[in-house]
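Each ligand, and each atom within it, is numbered from 1 in the order the structure gives.
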Amino acid sequence: MYSSTLPLLPLLFSTLSSCTLVADREYARASSAVPISKTIVSLSIEFCYIVDYLGDIKGSNKLSKRLLQNIQDITGEPPIIRIGGHTQEVARYCSPCTQTLTNVFVPGNLEAVNITYNKDLFSVLNNNVPSNQKLIFGLNLGQNVESFPQAEVDAAEKYLRNSRILSYELGNEPDFYGTSQRPGQWNVQTYTAQIIDWIKQIQSITKTKHGWQVGALAQLPIYQGNFSIPELNTLGVPQNIKPLASYSSHTYPYSICDPTRAGLVSLVGLMNHSTTVTFFQQWIPSIQAAKNANTLFYMGETGSVSCHGKEGVSNTMGAALWELDYVLNGAVLGMDGIFFHMGTPFFYSMWQPVEYNGTAAKVYPTYNALIVMAITLSNLKSPYVASVPSPSGLPNMAIYALYPSKPAFSSTAPAKLILLNMSYYSLNSTSPRPTEKVNVADILESTNLRVTRFTAAGADAVSGATFGGQSWENDGVVSGKKVYEQAEGGVVEVGNSEGVVVEVI
Ligand SMILES: *[C@@H]1O[C@H](CO)[C@@H](O)[C@H](O)[C@H]1NC(C)=O
Ligand SMILES: *[C@@H]1O[C@H](CO)[C@@H](O)[C@H](O)[C@H]1NC(C)=O
Ligand SMILES: *[C@@H]1O[C@H](CO)[C@@H](O)[C@H](O)[C@H]1NC(C)=O
Ligand SMILES: *[C@@H]1O[C@H](CO)[C@@H](O)[C@H](O)[C@H]1NC(C)=O
Ligand SMILES: *[C@@H]1O[C@H](CO)[C@@H](O)[C@H](O)[C@H]1NC(C)=O
Ligand SMILES: *[C@@H]1O[C@H](CO)[C@@H](O)[C@H](O)[C@H]1NC(C)=O
């Protein structure tokens, strides 16, 4: 919009022309607000890396413990952790084994090909996490031996604290099983028949009362055909698997799994708000199917770029902004949780828990997706969210309204706004960061506002992100003094590749 060679003009021009977000009553958007869970941002940890993340019986991983505890301290609940992924399908409970967890790796593959664990893994899951930690525990369906998940549930029921278990997940991405996993006929009917049969057997033997997460489907809904969540309803999953805790689906909008798709990966593309909105619409029938079955819909494993992320894209400030846009948009669509996947060497992880291949443990900017949502939702009693149309001239500005509870009237003003300027600004740019001025006084029906800014040197920054002037990068311990900005006359500035949370005080 502005030329960087005219440094004075933008200030003058933008003051005169600040965009105004018109009030609720014109769009009646409060009536479209839906609940947003305080654990909307949750985590999925690749099974083979769980001990790296959570430590061993001798003690917790201090970095992970701190990072999870931070969120519990803010909202009362840490992110839910789903333990799973491809490697849940090669994991076995082994009571005589002497190690908490043993991985077998083959060269060139960052995912273990065989895993055994003993009861000490459950001590780790009991003791090395915040007090309110909840887990979704992934079970082995892939190897097609009923006694494997049976033994896993037996052990979990015996050794894992009852309150830790949110649900069990039987199988990871069953729609992508190859002929080595299922040499015979394999389709949505055989899958459904098998999990109903096995879960009933497991329940009758262990007497577990815990719920089940079903699906964990890998394919994009537009290509799923009938291997889909709506079809699971048709095939009687809700009547036969009880309690049905949640349906789950997986997605990575980009991939480096093959050269063709790798060539398409870009941070600018990832950050494109209209692409994000369009892409996730394909889950609407799955979300509706979960509601029809009176259960939850989780995006149960997700990240920016499949095959473990891309350095400079997945581990950046821009990826953190994408995650915020994703979870807010996902909540608007009716998703109940979005589980960002992690593994020690994976670039889309929110943090690397231990030293790996000569690189020190570190916290990535994407951890701030957890922090920003936790802080923003923490003082809203039972938060609701609605999407706010971008003002004309800013087609790609992502804006969301938050309410402390279900809005009573379509004209109810929101308590907070989140504005994400998804335009790309590089930390190496030699021109000043373009900054948009947006007048939010009308929509918030107040000029008594405070602003918390989420920023970094650029979208491509892999460190140095702050929220309200504070950083969690140093061992997960907050540093820096909390800074609120004012919004003079209700006008907030949002630079390219920055976000702000504006709240009425
Ligand atoms: C993994 O375990 C299977 C079954 O026990 C075994 O046949 C296979 O050789 C193991 N693979 C490796 C690489 O150790
Ligand atoms: C599901 O889709 C497959 C492949 O398109 C097809 O062969 C099969 O008949 C379908 N099954 C049902 C129950 O619709
Ligand atoms: C975002 O994607 C849309 C659709 O592909 C495209 O038309 C638009 O130019 C993109 N915007 C940016 C800022 O790249
Ligand atoms: C380990 O580091 C070396 C040297 O930097 C690099 O070439 C290699 O790809 C790394 N391996 C993994 C698995 O990350
Ligand atoms: C930014 O500049 C530094 C120093 O020249 C360089 O090392 C880095 O790769 C650049 N980053 C990007 C994303 O271009
Ligand atoms: C972000 O702000 C800049 C500067 O005003 C503006 O040019 C750009 O369109 C904004 N980006 C979005 C996505 O609205």
Side-chain angles (χ1 to χ4, degrees), residues 1-7 9-21 46 48-49 52 103 105-113 253-254 256 264-281 307-315 317-318 321-322 324-326 328-329 343-349 352 354-362 387-400 417-426 429 431-440 453-455 458-459 491-500:
M1 200 150 149
Y2 310 123
S3 159
S4 56
T5 56
L6 296 170
L9 188 59
L11 276 174
L12 181 67
F13 183 71
S14 55
T15 307
L16 293 176
S17 69
S18 72
C19 288
T20 295
L21 288 184
E46 187 63 48
C48 65
Y49 292 113
D52 278 3
N103 287 320
F105 284 102
V106 297
N109 186 351
L110 296 177
E111 297 178 354
V113 296
Y254 285 93
I256 51 169
L264 302 173
V265 181
S266 80
L267 185 52
V268 175
L270 182 71
M271 291 172 66
N272 187 319
H273 172 62
S274 55
T275 305
T276 296
V277 170
T278 308
F279 181 72
F280 287 103
Q281 279 168 353
C307 284
H308 313 139
K310 179 168 172 163
E311 183 160 29
V313 174
S314 302
N315 57 337
M317 172 67 185
L321 287 165
W322 169 72
L324 288 170
D325 193 15
Y326 178 178
L328 287 157
N329 177 66
T344 308
F346 301 170
F347 286 110
Y348 51 50
S349 302
Q352 180 188 316
V354 292
E355 188 186 322
Y356 182 81
N357 194 25
T359 64
K362 57 175 131 355
S387 167
V388 179
S390 310
S392 58
L394 295 177
N396 263 331
M397 180 84 79
I399 307 173
Y400 298 91
L417 285 180
I418 299 184
L419 293 92
L420 306 170
N421 181 327
M422 303 301 288
S423 293
Y424 181 80
Y425 180 74
S426 172
S429 173
S431 47
R433 187 193 295 250
T435 297
E436 190 61 47
K437 297 196 175 201
V438 184
N439 190 327
V440 297
R453 184 171 304 277
F454 178 40
T455 192
V491 176
V492 291
E493 299 192 13
V494 206
N496 282 12
S497 306
E498 275 189 348
V500 291

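Every atom of ligand 3 with a heavy atom of N272 under 4.0 Å away is listed here by number and element: 1 (C), 2 (O), 3 (C), 8 (C), 10 (C), 11 (N), 12 (C), 14 (O). The atoms of ligand 6 that sit less than 4.0 Å from any heavy atom of N421 are 1 (C), 2 (O), 3 (C), 10 (C), 11 (N), 12 (C), 13 (C). Those atoms of ligand 6 that come under 4.0 Å of a heavy atom in M422, given as number and element, are 13 (C). Near M397, the atoms of ligand 6 lying under 4.0 angstrom from a non-hydrogen atom of the residue are 12 (C), 13 (C), 14 (O). Using a 4.0 Å cut-off to heavy atoms of N357, the atoms of ligand 4 that qualify are 1 (C), 2 (O), 3 (C), 8 (C), 10 (C), 11 (N), 12 (C), 14 (O).
Checked by atom type and distance alone, the side chain of Q352 pairs as donor or acceptor with a backbone atom of T359 at under 3.5 Å. A side-chain donor-acceptor contact under 3.5 Å links S497 to the backbone of S423. Between the side chain of N103 and the backbone N or O of C48 there is at least one donor-acceptor pair closer than 3.5 Å.
Just one of D325, N329, T278 meets the side chain to side chain donor-acceptor pair (under 3.5 Å) condition when paired with H273; it is D325. Of the candidates N421, L419, L420, I399 forms a side chain to side chain contact (heavy atoms under 4.5 Å, CB included) with just one, namely L419.
Protein heavy atoms are absent from the 4.0 Å sphere centred on atom 9 (O) of ligand 4. For atom 13 (C) of ligand 4, a protein non-hydrogen atom is found at a distance below 4.0 Å.
Put simply, the side chain of E493 does not reach to within 4.5 Å of the side chain of E498, judged on heavy atoms.
T275 OG1, 4.4 Å is the protein heavy atom nearest to atom 4 (C) of ligand 3.
When only interatomic distances are considered, the shortest N/O to N/O separation between Y356 and ligand 4 does not fall below 3.5 Å.
The shortest heavy-atom contact between V388 and Y400 is CG2-C, 4.2 Å.
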